[in-house]
*Asks:* 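Handing you a structure now.
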Amino acid sequence: MHICVIGTGIIGTCTGAYLQRDGHRVTFVDPYEPGDACSFGNAGSLSPSACLPVGMPGMWRKVPHWLMDPSGPLTVRWPYLPHVAPWLVRLLYHSSRKEVERIATALRALLTPIFESYAPLLEWAHAQELVRHDGCLYVYSSREIASQWQWGMDLRRRLGVEMRDVNRDELESLEPDLKGRFRFGILAPQNGATTDPSKLVKTLNAKCIANGATHIRQRVTGFKKKDGLLQNVMLDNGETLPVDGVVVAGGAWSGNLAHILGVTVPLETQRGYHVTINSSNLTLSHTIMAVEHNMMVNPMAMGLRLAGTVELAGLKPPPNYSRADALLARGIEMFPHLDTSRLTKWMGHRPCLPDSLPVIGRAPTVENVWLAFGHGHIGMCAGAPTGREIAGLVAGRAPSIDLTPFSPSRWSGPQSFQRLYRR
C-alpha cells in the first residue's frame with residue numbers, strides 16, 4: 001500500500017520506517033526538515049521508567065503557586081488562560097491516585113520495549129552509536145526530601161521498573177560533579193538516552209528516503225474521502241496526493257487534522273525549553289533527573305542539555321526565553337563550576353493530552369487512517385514502540401500491547417470526560 005505519514009519527527013519517522021520494512025510505499029508530508037521541530041530539542045531520554053503522568057496526586061494544591069511563579073515548572077500566559085482552563089481541569093481530573101495508577105500501567109506497557117523496538121531500526125540505519133544504555137540517576141538533596149516523591153517511585157517499582165537506592169558516597173563515586181549538591185539518588189539502570197535526538201531522527205529518515213520513501217515539504221489542508229475511505233490528501237500548494245492510507249503523526253499540529261477527520265481530541269501544546277551548554281566542562285556519565293529542580297540534565301554530543309518546564313501559551317506566540325534562563329540558573333546552582341561561556345536556547349511544542357496518554361490507533365471515523373500523536377514528554381521514548389504498533393495495525397497484526405488506553409475514541413465514548421464534565 002501507499003501510506004502517507006504526516007510528520008517527520010521521531011513518531012512519524014519511526015512509523016514510516018516500520019511501515020517501509022513491512023513493504024509499504026511511504027510518503028512523508030511535513031513542511032519541516034526531519035528532526036527539526038520538537039524532536040530537535042527534547043531531553044533525549046529513552047526511559048522505561050518514565051511511566052508516571054504529568055498530573056500526579058496532590059498536584060491541585062501546587063498549581064496556583066506555580067501559575068504565579070514566572071520561573072516555576074508550570075506557567076500559563078494569562079491571555080491564554082480562558083482557552084486552556086478546561087484542559088487544566090481535565091489534567092487535574094486525571095491526577096487522582098486511581099487514575100495515575102491506570103495511566104502509569106498503560107505507559108509502562110508502552111515504554112517497556114523501548115530498546116527492543118529501537119534495535120532493528122538502529123541496526124537497519126547503522127545508527128547504534130546514537131543511543132546509549134547506561135541508566136538514569138534521579139538525584140535529591142537528601143533522603144528526607146526524596147520521601148516527598150516516594151509514592152510515585154514505589155508505583156514505578158510495583159510496575160516492574162528496576163530502581164536502586166544510591167547513598168551519598170556511591171552517588172559521588174558514580175558522578176563526582178554532583179558532589180556537595182546531592183546526597184541521595186535512585187538509579188534506574190534500564191534507562192538510556194540518545195546523544196543527539198535530531199541526528200537520530202535524521203538518520204532514520206534518511207534511511208527511509210534511501211530505500212524509496214519520499215518527503216513532500218507541504219502542509220496538509222484536508223482530505224478527500226469516498227465510500228468511507230480516505231483517497232486523497234490535500235496539500236497547501238493546491239495539489240492532491242492519492243493514497244491507500246494515512247498516519248497522522250504531526251505532533252502538536254495534529255489536533256486540527258484530527259478535527260477535519262471528525263475525531264475529538266483535546267490536544268494542547270506544552271511549550272518546552274532547553275539550554276544546551278556547548279562549552280560544558282562536566283564529565284557526567286548518566287542522564288540526571290534533578291527532581292527538586294524539575295529538570296533533566298543530559299550529556300550529549302553537542303554539549304550538556306538542560307531541559308524541562310511547561311508553558312501553556314498555544315502555537316503562535318513567540319518564545320519566552322526567560323524560561324530557558326531559569327533552567328540555566330538552576331544548572332549553575334547544581335554545578336557552580338560549570339563553564340557556560342557558549343550555549344544555545346530553544347523552545348519547542350510538546351503535543352500533550354490531559355491524561356498524559358498518547359493517541360495510538362485507527363481513526364474511528366475513517367477505516368484507512370491511523371493516529372499517532374500526543375506523546376507529550378515521552379516522544380523520544382515512545383517513538384519506536386509507537387511506530388511498531390501502528391505498522392502492526394496497518395498490517396492487521398495483533399498489537400504487542402493493550403492499546404485500549406490509547407484509543408482515539410476515548411474522548412467521545414460514553415465514559416469520556418466530556419460526558420462526566422457536562423453532568
*Asks:* Evaluate the criterion salt bridge (charged side-chain N to carboxylate O under 4.0 Å, His left out) for residue pair Asp196 and Lys202; output intermediate values, then yes/no.
*Replies:* CA-CA 10 Å; Asp196 190 332; Lys202 290 180 185 298; over 6 Å; no
*Asks:* Below 4.0 angstrom, N of the basic side chain to O of the carboxylate: do Arg158 and Glu101 qualify?
*Replies:* yes
*Asks:* How are the rings of Tyr80 and His83 set to each other: parallel, tilted or perpendicular (split at 30° and 60°)?
*Replies:* tilted
*Asks:* Using 30° and 60° as the class limits, which term best fits the ring planes of Trp253 and His349: parallel, tilted or perpendicular?
*Replies:* perpendicular
*Asks:* Show your working on side chain to side chain contact (heavy atoms under 4.5 Å, CB included) between Ile277 and Ser279 and close with a plain yes or no.
*Replies:* CA-CA 5 Å; Ile277 303 169; Ser279 55; 3.8 Å; yes
*Asks:* Hey, mind stepping through Glu292 and Ser141 against side chain to side chain donor-acceptor pair (under 3.5 Å) and telling me if it holds?
*Replies:* CA-CA 8 Å; Glu292 293 158 80; Ser141 56; 2.8 Å; yes
*Asks:* Testing Asn298, Val297, Leu187, Leu178 for side chain to side chain contact (heavy atoms under 4.5 Å, CB included) with His286, which one passes?
*Replies:* Leu187
*Asks:* For the residue pair Tyr273 and Tyr321, categorise the inter-ring angle as parallel (less than 30°), tilted (30 to 60°) or perpendicular (more than 60°).
*Replies:* perpendicular
*Asks:* Hey, is Glu33 close enough to Arg217 for a salt bridge, meaning N to O under 4.0 Å?
*Replies:* yes
*Asks:* Nearest 0.5 Å please: distance from the SG atom of Cys38 over to the CE atom of Met380.
*Replies:* 8.5 Å
*Asks:* Tell me, which pairs form a side chain to side chain donor-acceptor pair (under 3.5 Å) where one or both residues lie in residues 350-364, sequence neighbours left out?
*Replies:* Asp355-Arg410
*Asks:* May I ask you to say whether Arg183 pairs ionically with Glu172, meaning some side-chain N is under 4.0 Å from a carboxylate O?
*Replies:* no
